[in-house]
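Read the structure below first, then the notes.
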Number of protein chains: 2
Amino acid sequence: MSFQQLSRTEHLPKRIAEEIGRGIAGGRFASGDKLPTEHILAQTFGVSRSVVREAIAQLRNEGMVETRQGVGAFVTDPQRRATIRVEQASLADPVSLRNFFQLRLPLEIEAARLAARHRTPTEIAALDEALDGMVKARDWLDEGVKADLAFHRALAAATQNEFYAIFLGYIAEKTSTSINTSFPREMGAEIVKVTIGEHAAIHGAVVAGDAPRAGEAMRQHLINSAARLGITLETS
Amino acid sequence: MSFQQLSRTEHLPKRIAEEIGRGIAGGRFASGDKLPTEHILAQTFGVSRSVVREAIAQLRNEGMVETRQGVGAFVTDPQRRATIRVEQASLADPVSLRNFFQLRLPLEIEAARLAARHRTPTEIAALDEALDGMVKARDWLDEGVKADLAFHRALAAATQNEFYAIFLGYIAEKTSTSINTSFPREMGAEIVKVTIGEHAAIHGAVVAGDAPRAGEAMRQHLINSAARLGITLETS
DNA sequence: CGATACAAGGTTATCAGACAACCCTACAAG
DNA sequence: CTTGTAGGGTTGTCTGATAACCTTGTATCG
């Protein structure tokens, strides 16, 4: 038995921000255009200026508009967004998920290589623990997935490159969530064993400091896990 | 003669958001902790509640906190941020810039390979135009840089993978801005010519549909342009 | 004794109005 | 032609109040 997630008309500013955002994305406001004044927007939407201000603040955070005191709010050049945001919903589409995997592939491979070169005892311990967590996991969909994520995060940390940690952490998280919500599947004991084996191969190469082998093991792991979802990746 | 860019005490809410954000990142607030009430925060920082609210709204947008009406604001699990944001200021440090380049490297290489396989006439035209823009640019620091960005954006688009466009567009933009603001340099005619030549090599391989050669040309280009900044990249 | 209903207090969400800071324009003064 | 100044408009911030909501404790009733 499952209940509907009812949406109880949440967060006025967010809805207005989306409304204005659609106006921008839909081309009703061109790059450089000045938005109506907060006063007029408040009147238009029938809310107070506070709400409009919060909505505009959100758009500003996302880099879609810039405000100048005493002048107004202007639509930013869409190519210079301040943040990267991938909507979870957009990954529900199998083609998009495949594309996302295709993006992740070279990053993870390079991360594995760098990790093999730069790992320290701290990160080796984290990798050990994550692998151990996979082995001991009673329920793969819960504990196993968590350990999987922890493994990839520890690997990203081992590169000693903060940006790999940020980007891969985000990408791995999105991927995992997307799979669990949009493409849930039971993992048989056999498949779990294979998955763990792939991680163990990466682990071994990284600990040994063998960069090429770590990269290759990671490539295989990603291609295989994609294949388990029915996704075929391009390899080069 | 050049003047300092003075910072005119900008945007109260932003500064407070950063302050609270540091508190979270620095571990003063653990995951799940409840932040002080808006009233108390306003008192603490010596500003009005409006400002605090806007600051919290920003943190909520970035996924660092969640608010519940009538209860309070809580620190979100730091591992599931909703967005990726790289502070421009953090790229002023040469080491960080190097790390950022190191992240960009495998992505651009793979993008070049994918572009060679999937480019369509539309994107070839865009690449042509960007290359032409570099050749004709009178001032490299302005028109040249723009054409450079356009080239890399067109390449990302040619992968037919929306995520490469999003991520590489963001990364290339950040890199370019960072170089121009933190490490400005005059580019002699010789260097410009070499740079254009590297792009032409990529262009040629992509148009020819030669994926391995496109990837290799991109690798060389990135390694060389990093070297021109005094940055040495790890290659694998 | 246990479960439900209700009241009280605290917190965020929204509203309303005001003033401050700032920018742009136009016009006057030199 | 350049500089100074006044005016109006817009965003930034402040203050106070009300609504919506959640939590907790207490009272009521079986």
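Just the heavy atoms: all of them, side chains too, but no hydrogens, waters or symmetry mates, feed the values below. Lettering follows sequence order; numbering is per chain, from 1.
- Screening A:Ile56, A:Val51, A:Val52 against A:Pro13 for a side chain to side chain contact (heavy atoms under 4.5 Å, CB included) leaves a single residue, A:Val51.
- Listed by chain and number, the residues in a side chain to side chain donor-acceptor pair (under 3.5 Å) with A:Glu129 amount to none (sequence neighbours excluded).
- A:Val145 is linked by a side-chain contact (heavy atoms from CB on, under 4.5 Å) to A:Trp140, A:Ser176, A:Asn180, counting only residues two or more places apart in sequence or in another chain.
- Axis angle between the ends of the helix from C:dC1-D:dG30 to C:dG30-D:dC1, five pairs each and rounded to 10 degrees, works out to 0°.
- One side chain, B:Glu162 or A:Asn99, offers a donor N or O that lies under 3.5 Å from an acceptor on the other.
- Every residue was checked against the ring-ring contact (aromatic ring centres under 6.0 Å, His included) condition with B:Tyr164, not counting sequence neighbours, and none meets it.
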(request) List the protein contact pattern of nucleotides 5-12 of chain C with one symbol per nucleotide (5' to 3'): B for base contact, S for sugar-phosphate-only contact, - for none; contact means a heavy-atom distance under 4.0 Å. (result) -----BBB

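- Here C:dT14 presents its P atom at 14 Å from CZ of A:Phe45, a figure rounded to the nearest Å.
- With sequence neighbours excluded, the residues that form a ring-ring contact (aromatic ring centres under 6.0 Å, His included) with B:Phe100 are A:Phe163.
- Atom OG1 of B:Thr175 is separated from atom CZ of B:Arg104 by 4.5 Å, given to the nearest 0.5 angstrom.
- A 4.5 Å side-chain heavy-atom check between B:Glu143 and B:Arg138 finds at least one atom pair inside the cut-off.
- One atom, CD of B:Gln43, and another, P of D:dT15, lie 11 Å apart when rounded to the nearest Å.
- Put simply, CZ on B:Arg15 is 15 Å from P on D:dG12, counting in whole angstrom units.
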